[in-house]
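Beneath this line is the structure, given in structure tokens, with notes to follow.
Each ligand, and each atom within it, is numbered from 1 in the order the structure gives.
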Amino acid sequence: MDLTHRPRRLRQDRVRGLVSETRLEPSDLIAPVFVDATTDERRPIESMPGHERVPIDDAVARVEEVRETGVEAVMLFGIPESKDPEGRRAWAEDGVVQEAVRRITDATDAYVITDVCLCEYTDHGHCGPLEDGLRTDDDHGPARDPTLTVDNDATLESLERIAVSHAAAGADMVAPSGMMDGMVAAIRTALDREGHEHVPIMSYAAKYESAFYGPFRDAADGAPAFGNRRHYQMDPANAREALREVRLDVEQGADVLMVKPALPYLDIVGTVRREFDHPVAAYNVSGEYAMLHAAAEKGWLDLEAVALESLLSIKRAGADLILTYFAEDVAERL
Ligand code: PBG
């Protein structure tokens with residue numbers, strides 16, 4: 001038997017670490033945190049076991065729990081005490097995220113990233129005000145016409161206000177997730193104008209219209225009341241389009257490029273990694289978390305093992321940072 005090449009030589013236990021290509025660290029991970037202005041006690045999120053919506057008074061404690069695991073960065077989502085067609089609570093100075101950011105940055109050294117979007121703040125659940133000023137409750141309105149969608153340019157003005165209000169409250173980084181055309185340029189210009197030129201933008205650059213967001217929409221109370229988001233989020237069929245989307249965000253000044261979801265879109269993560277030299281983030285979304293938990297609950301998968309393998313694979317595909325609901329569990333074991 002003449003076997004010159006025996007890859008198994010390097011799979012022996014004592015050498016595996018030396019030749020390992022990918023290493024996952026707690027500093028790669030960002031933990032999503034939900035702050036809820038409608039409650040004064042913690043509320044478990046049923047479809048995301050282990051996660052809760054916390055009241056504003058518990059925001060600091062929640063972030064300290066995250067930091068105890070070694071994870072330094074959080075992504076904040078807010079559930080406002082009231083909603084309206086424009087989502088005005090999203091940029092209120094006393095809004096839920098603004099208040100939570102002030103408290104967290106006063107009390108901790110956490111790196112605080114905020115989600116900049118309107119879907120949790122509009123009563124119709126879309127990521128911006130609707131075209132033509134039509135309201136969800138109009139009888140002849142959008143509920144009947146699924147082609148009616150978000151008014152892109154009006155949304156940009158709101159996103160500017162939201163981003164500036166988050167930065168003014170002390171946010172370290174802002175992350176626009178609404179997939180509006182021109183959102184990065186609008187936010188960059190507004191931040192610079194208001195003296196926040198040091199606040200980076202992590203753009204949800206290639207965000208797909210994905211059914212894997214289901215549990216999040218329960219968690220953040222942001223499901224669209226009618227229709228879906230396919231007129232602004234990307235078609236899962238498209239990969240080349242993702243490059244065009246990402247390139248636009250680069251041209252507009254995005255600092256970090258995010259692909260979302262992660263596991264079903266690792267080809268996109270890999271391509272963005274190769275084509276651009278910016279840091280690449282991947283969002284391991286709620287559905288990716290929920291399905292592993294559900295299978296583990298049935299005894300069909302080993303949760304710790306599949307969680308770790310998922311995050312390692314996302315990193316191997318090219319992500320530098322990973323947003324994940326597994327952040328705390330995995331960081332504790334690294
Ligand atoms: C929109 C937003 C969504 C998620 C993050 N930001 C939901 C959506 O587009 O419907 C989803 C995250 C997840 O599923 O974990 N503000």
Which of the numbered atoms in ligand 1 are below 4.0 angstrom from a heavy atom of Tyr325? 12 (C), 13 (C), 15 (O)

For Tyr289, is the nearest heavy atom under 4.0 Å from an atom of ligand 1? no

Atom OH of Tyr325: over 12 foreign heavy atoms under 6.0 Å: yes

With heavy-atom distances below 4.0 Å as the criterion, list the atoms of ligand 1 near Cys119. 1 (C), 16 (N)

Just grab all the salt bridge (charged side-chain N to carboxylate O under 4.0 Å, His left out) pairs involving residues 311-334, residues at least two apart or on different chains. Asp28-Lys315, Arg62-Glu328, Arg273-Asp320, Glu304-Arg333

Enter the distance from Tyr121:OH to Asp84:CG here, rounded to the nearest 0.5 Å. 12.0 Å

Determine whether Glu241 and Arg244 satisfy the following criterion, salt bridge (charged side-chain N to carboxylate O under 4.0 Å, His left out), listing intermediate values before the conclusion. CA-CA 5 Å; Glu241 186 193 357; Arg244 289 205 298 281; 5.0 Å; no

Ligand-side contact atoms (ligand 1) for residue partner Lys207, heavy atom cut-off under 4.0 Å: 1 (C), 2 (C), 3 (C), 6 (N), 8 (C), 9 (O)

Joining Ile, Leu, Val, Met, Phe, Trp and Tyr whenever any side-chain heavy atoms lie under 4.5 Å apart, the cluster holding Trp300 also takes in none

How long is the gap from CD on Glu157 to CD1 on Ile162, to the nearest 0.5 Å? 12.0 Å

I'd like to know if the side chain of Tyr232 pairs up with that of Asn152 as donor and acceptor (distance under 3.5 Å, no hydrogens or angles considered). no

I need the atoms of ligand 1 closer than 4.0 Å to a non-hydrogen atom of Glu120, numbered in the order shown. 16 (N)

Show the atoms of ligand 1 that are less than 4.0 angstrom away from any heavy atom in Lys260. 2 (C), 3 (C), 4 (C), 5 (C), 6 (N), 11 (C), 12 (C)

Of Arg217, Met258, Glu288, which has the heavy atom at the shortest distance from atom 10 (O) of ligand 1? Arg217

Atom indices of ligand 1 within 4.0 angstrom of Cys117 heavy atoms, with elements: 16 (N)

min-distance protein heavy atom vs atom 14 (O) of ligand 1 -> Ser286 OG, 2.7 Å

